[in-house]
Amino acid sequence: MYEAALVLHNLVRWLVLAFGLWAAFRPEARPGAFFAHTLTLQVVLGLLLAFLSPLFQGALANLEVAMQTPGEARYFVAEHWVGGLVALGLAHAGLSQARRAKPRARIFFALALALLILSIPWFRPLLRL
Ligand code: HEM
């Protein structure tokens, strides 16, 4: 179950990035909906992973040590998910603007995409199959 969630979370990242690019270039309701909803799925997978991941659970069990030690455990417990959640809010704000054909939809989508690019753990495998 953990392996399956990790593989899916890894792969869905590429869908999120592709739809994010599409929404930023064409800030309309259809691309925006693909972006916001795939990102929602990714966040749900991430939350599931947080419960299943030995790395995440190990860090939670010893939070003080994890927070004092720079490395993967601190990164996943304290940083990675924050960017994902803020990007989720921005993508949905963009979708609501795009549905009303407001020009500021593009700014929301572009900010969400930029934040995602910064929040992705690029030191991990680019593909997991
Ligand atoms: C609330 C939001 C999120 C949570 C709680 C979360 C949680 C996690 C956790 C716990 C891991 C590490 C699991 C492990 O190695 O045991 C992980 C890895 C990862 N996350 Fe997230 N995540 C979230 C959002 C996102 C988003 C929005 C993206 C990209 C669009 C993303 C992309 C990745 C990638 C690429 C990995 C590495 C997977 C691998 O090693 O194959 N995550 N995430």
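The hydrophobic cluster containing Val7 also contains Ile120, counting ILVMFWY residues as joined when their side-chain heavy atoms lie under 4.5 angstrom apart, directly or transitively. Residue Leu113 is not grouped with residue Leu118 when hydrophobic side chains (ILVMFWY) are merged at heavy-atom distances under 4.5 angstrom, including chains of intermediate members. In the hydrophobic cluster analysis, where Ile, Leu, Val, Met, Phe, Trp and Tyr join through side-chain heavy atoms closer than 4.5 angstrom, Leu129 is grouped together with Leu17. Under a hydrophobic-cluster definition in which Ile, Leu, Val, Met, Phe, Trp and Tyr are linked whenever side-chain heavy atoms come within less than 4.5 Å, directly or via other members, Val43 and Leu52 are assigned to different clusters. Under the 4.5 Å side-chain contact rule for hydrophobic residues, Leu39 and Leu85 share a cluster.
A donor-acceptor pair under 3.5 Å is formed between the side chain of Arg13 and the backbone N or O of Asn10. Judged purely by atom type and a 3.5 angstrom limit, Trp14 uses its side chain to pair as donor or acceptor with the backbone of Leu126. Of the possible polar contacts, none joining the Trp22 side chain to the Gly32 backbone as a donor-acceptor pair under 3.5 Å is found.
Enclosure of atom CZ in Arg30 is not indicated, since only 12 or fewer non-hydrogen atoms of other residues, nucleotides or ligands lie within 6.0 angstrom. The number of heavy atoms from other shown groups lying within 6.0 Å of CZ (Phe51) does not exceed 12.
For the residue pair Ala78 and Met67, the shortest heavy atom distance occurs at CB-CE, 3.7 Å. The minimum heavy-atom distance linking Leu48 with Ala5 is given by the pair CD2-CB, 4.3 Å. The two atoms that bring Pro27 and Ala24 nearest to each other are CD-O, 4.1 Å, heavy atoms only. The shortest heavy-atom contact between Ser119 and Tyr75 is O-OH, 2.7 Å. Here the closest heavy-atom approach between residue Ala98 and residue Ala29 is recorded as CB-N, 4.0 Å. Among all heavy-atom pairs drawn from Ala91 and Ala112, the shortest one is N-CB, 3.9 Å.
A 4.5 Å side-chain heavy-atom check between Leu55 and Val77 finds every atom pair outside the cut-off. Two residues are said to be in side-chain contact when any heavy atoms from C-beta on lie closer than 4.5 Å; Phe123 and Glu72 meet this criterion. In this structure the side chain of His37 never reaches within 4.5 angstrom of the side chain of Gln42, judged on heavy atoms. Put simply, the side chain of Phe56 does not reach to within 4.5 Å of the side chain of Leu49, judged on heavy atoms. You'll find the side chain of Phe109 stays beyond 4.5 Å of the side chain of Phe25, heavy atoms only. The side-chain heavy atoms of Phe76 and Ser53, taken from C-beta on, include no pair separated by under 4.5 Å.
Partners of Gln57 by side-chain hydrogen bond (donor to acceptor under 3.5 Å, both in side chains), not counting sequence neighbours: none found. For Arg99, there are no side-chain hydrogen bond (donor to acceptor under 3.5 Å, both in side chains) partners at least two apart in sequence or on another chain. Partners of Thr69 according to the side-chain hydrogen bond (donor to acceptor under 3.5 Å, both in side chains) rule, which considers only residues two or more places apart in sequence or in another chain, do not exist here.
Annotation: the span from Thr40 atom OG1 to Leu45 atom CG amounts to 11.0 Å, rounded to 0.5 Å. Atoms CZ and CG, from Arg100 and Leu95 in turn, are 10.0 Å apart once rounded to the nearest 0.5 Å.
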Inset, instruction - Start with the C-alpha distance between Phe35 and Phe19, add both sets of side-chain angles, then the distance that settles ring pair (Phe, Tyr, Trp, His ring centres under 6.0 Å), and finish with yes or no. - result: CA-CA 5 Å; Phe35 180 36; Phe19 291 142; 8.4 Å; no
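Between His80 and His9, the ring planes lie perpendicular to each other; the angle is over 60°, past the 30° to 60° tilted range.
Glu28 has a carboxylate O that lies under 4.0 Å from a charged side-chain N of Arg26, or vice versa, which qualifies the two as a salt bridge.
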